[in-house]
J.: 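Pasting in a structure now, in structure tokens, and then I'll have a few things to ask.
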Amino acid sequence: MNNIYISEILYQAKVNLANMKICGFEALVRFSNGTDILNTDKVIDSITSVLDKQLLTSYVINRIIEDSTELHINKYRFAVNISPQEIEDISFKEWILNIKNKYKNINDIIEFEIIEKDFINNFNIFSENIKFLKQLGFYISLDDIGSGYNTLGMINNISNIDYIKIDRKIINSINTCNLVECILKIAKTKEIRVLAEGIEDYNTYKKLKDLNCDMGQGYFFHKPQNIKQIAKCTINEFIMPSEPS
């Protein structure tokens, strides 16, 4: 990551679709080369070392703890992206225990969101370490179901997951295919909650609510904001979308 810097960390609200109450946030890292804002996905894809990935994850966790403590935002969990490569690594348990010992109440603040960009090389080790996270009290979600390596089959193959997130591309096609309904049905049989990403208009929100999707995230509710902005929006826990006239 030479000449690439973390310019800021933004937070996007997750919303309970049934009652429109904010139920958490996702941490989103923004990178810069000192002059321009860089494409986040391209920067993340360029990080191949497990150690570098862990350093980035640790930095984001530290920032969340510092920011939320300073502004007394202690009612919500913040989702941090983590890759299967990090989870499978031999140093994983020691790394997580060091973080847990540094912040005693971290599992009340941080949850882990498993991204779709890496292939799971050793499913047994991966599953064992997911179970380890759960034993420590962490919430775990599976990001971008239907995208990359996070296929529909992952819902059946991975246990100890609290909720899954449906990829925004699938949500964008909600009116032309029944894949969203299929994912929701599979998740319900597994007693796994579902969050829909990329909700950008009232009609999409309404259809997902009618399908009993649990949570949503997207510009219809909130754009990514800095920590001071979300501190203000948490004063009013409810988001009131307006129906188009």
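Heavy-atom basis, side chains included; hydrogens, waters and symmetry copies ignored.
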J.: Over all heavy atoms of both residues, which pair between Val43 and Ser46 is shortest? Give the atoms and the distance, please.
T.: O-OG, 2.6 Å

J.: Has the side chain of Asn226 got a donor or acceptor atom that lies under 3.5 Å from a matching backbone atom of Gln229?
T.: yes

J.: Are any non-hydrogen side-chain atoms of Leu56 and Phe31 less than 4.5 angstrom apart?
T.: yes

J.: Between the side chains of Glu111 and Tyr76, does any donor sit under 3.5 Å from an acceptor?
T.: no

J.: For the pair Val180 and Leu208, evaluate side-chain contact (heavy atoms from CB on, under 4.5 Å) and give the outcome as yes or no after the intermediate values.
T.: CA-CA 9 Å; Val180 172; Leu208 286 162; 3.9 Å; yes

J.: Contact between Met20 and Val15 at the side-chain level, heavy atoms closer than 4.5 Å - yes or no?
T.: yes

J.: Enumerate the side chain to side chain donor-acceptor pair (under 3.5 Å) contacts for residues 182-193, please, sequence neighbours excluded, ordered by first and then second residue.
T.: Lys188-Asp214

J.: Taking all atoms of both residues into account, what is the closest heavy-atom pair of Asn81 and Glu26, and its distance?
T.: OD1-OE2, 3.5 Å

J.: Could you see if Ile161 belongs to whatever hydrophobic cluster contains Leu195? Use Ile, Leu, Val, Met, Phe, Trp, Tyr and a side-chain cutoff under 4.5 Å.
T.: no

J.: Hey, mind stepping through Phe138 and Ile106 against side-chain contact (heavy atoms from CB on, under 4.5 Å) and telling me if it holds?
T.: CA-CA 8 Å; Phe138 287 102; Ile106 188 173; 3.7 Å; yes

J.: Students often mix this up, so state it plainly: with edges at 30° and 60°, are the rings of Phe123 and Phe126 parallel, tilted or perpendicular?
T.: tilted

J.: Does any non-hydrogen side-chain atom of Ile120 lie less than 4.5 Å from one of Ile87?
T.: no

J.: Heavy-atom count around Gln135 CD within 6.0 Å, excluding the residue itself: above 12?
T.: yes

J.: So do the side chains of Ile125 and Asp89 get within less than 4.5 Å of each other, counting heavy atoms only?
T.: no

J.: Check the hydrophobic clustering (I, L, V, M, F, W, Y; side-chain heavy atoms under 4.5 Å; chains of links allowed) and say if Ile109 and Leu136 are grouped together.
T.: yes

J.: Determine yes or no for a side-chain-to-main-chain donor-acceptor pair under 3.5 angstrom, with Ser127 supplying the side chain and Asn124 the backbone.
T.: no

J.: Would you say Ile65 ends up clustered with Leu133 if hydrophobic residues are merged whenever their side chains have heavy atoms under 4.5 Å apart, either directly or through other cluster members?
T.: yes

J.: Once rounded to the nearest 0.5 Å, what's the spacing between atom OH of Tyr163 and atom CG of Leu142?
T.: 10.5 Å

J.: Work out which heavy atom in Gln217 is nearest to a heavy atom in Ala13; give both atom names and the distance.
T.: CG-O, 3.5 Å

J.: As a quick check of understanding, evaluate salt bridge (Lys or Arg N to Asp or Glu O under 4.0 Å) for Lys14 and Glu197, giving each step before the final call.
T.: CA-CA 9 Å; Lys14 296 180 289 183; Glu197 293 190 293; over 6 Å; no

J.: May I ask you to check whether Tyr202 and Lys207 show a side-chain donor-acceptor distance below 3.5 Å?
T.: no

J.: May I ask you to check if Arg77 and Phe25 form a cation-pi contact, with NZ or CZ under 6.0 angstrom from the six-membered ring centre and within 45° of the axis?
T.: no

J.: Rounded to the nearest 0.5 Å, how far does CG of Asn203 lie from NZ of Lys206?
T.: 9.5 Å

J.: For the pair Glu128 and Phe132, evaluate side-chain contact (heavy atoms from CB on, under 4.5 Å) and give the outcome as yes or no after the intermediate values.
T.: CA-CA 6 Å; Glu128 177 187 332; Phe132 173 73; 5.8 Å; no

J.: Which residues satisfy the side chain to side chain contact (heavy atoms under 4.5 Å, CB included) test with Glu66, sequence neighbours excluded?
T.: Arg63

J.: Quick check: is Phe221 connected to Leu211 through a chain of hydrophobic side chains (ILVMFWY, heavy atoms under 4.5 Å apart)?
T.: yes

J.: Cut-off 3.5 Å, side chains only: do Gln12 and Lys223 have a donor facing an acceptor?
T.: no

J.: When rounded to the nearest 0.5 angstrom, what is the spacing between CD1 in Ile192 and CG in Leu184?
T.: 12.0 Å

J.: Can you tell me how far apart OG1 (Thr48) and CD (Gln85) are? Round to the nearest 0.5 Å.
T.: 7.5 Å

J.: Could you walk me through whether Ser7 and Ile37 pass side-chain contact (heavy atoms from CB on, under 4.5 Å), step by step?
T.: CA-CA 8 Å; Ser7 59; Ile37 299 298; 3.8 Å; yes

J.: Could you state the interatomic distance from CG (Leu71) to CD1 (Ile230), rounded to the nearest 0.5 Å?
T.: 8.5 Å

J.: May I ask you to say whether Lys134 pairs ionically with Asp162, meaning some side-chain N is under 4.0 Å from a carboxylate O?
T.: yes

J.: Please name the pair of heavy atoms, one in Asn107 and one in Lys100, separated by the smallest distance, quoted to 0.1 Å.
T.: OD1-NZ, 3.0 Å

J.: Between Asn62 and Tyr103, is there a side-chain donor-acceptor contact under 3.5 Å, judged purely by atom types and distance?
T.: yes

J.: So, does Asp143 use its side chain to make a donor-acceptor pair with the main chain of Ile114 at under 3.5 Å?
T.: no

J.: Do you reckon Ile64 sits in the same ILVMFWY cluster as Ile99, going by side-chain contacts under 4.5 Å, direct or chained?
T.: yes

J.: Can you find a heavy atom in the side chain of Leu28 that is under 4.5 Å from one in the side chain of Tyr11?
T.: no

J.: Shortest non-hydrogen contact from Ala27 to Ile9?
T.: CB-CG2, 4.2 Å

J.: Got Ile166 and Val194 here, is their nearest side-chain heavy-atom distance under 4.5 Å?
T.: yes

J.: Answer with yes or no whether the side chains of Thr57 and Gln54 bring together a donor and an acceptor at under 3.5 Å.
T.: no

J.: Using a distance-only test with no angle check, is there a side-chain donor-acceptor pair under 3.5 angstrom linking Asp201 and Thr204?
T.: yes

J.: For residues Asp67 and Phe78, determine if any side-chain heavy atom of one lies less than 4.5 Å from a side-chain heavy atom of the other.
T.: no

J.: Drop me the distance from Ser83's OG to Ile44's CD1, to the nearest 0.5 angstrom.
T.: 9.5 Å

J.: Answer yes or no: is there a donor N or O on one side and an acceptor on the other, between the side chain of Asn33 and the main chain of Asp36, under 3.5 Å?
T.: yes

J.: Give a yes or no on whether the backbone of Thr176 and the side-chain of Ser173 come within a donor-acceptor separation of less than 3.5 Å.
T.: no

J.: Would you name the heavy atoms of Glu200 and Phe220 that are closest together and state the gap between them?
T.: C-CB, 3.7 Å

J.: I want to check something: taking the side chain as every heavy atom from C-beta on, are Thr40 and Arg30 in contact at a cut-off of under 4.5 Å?
T.: yes

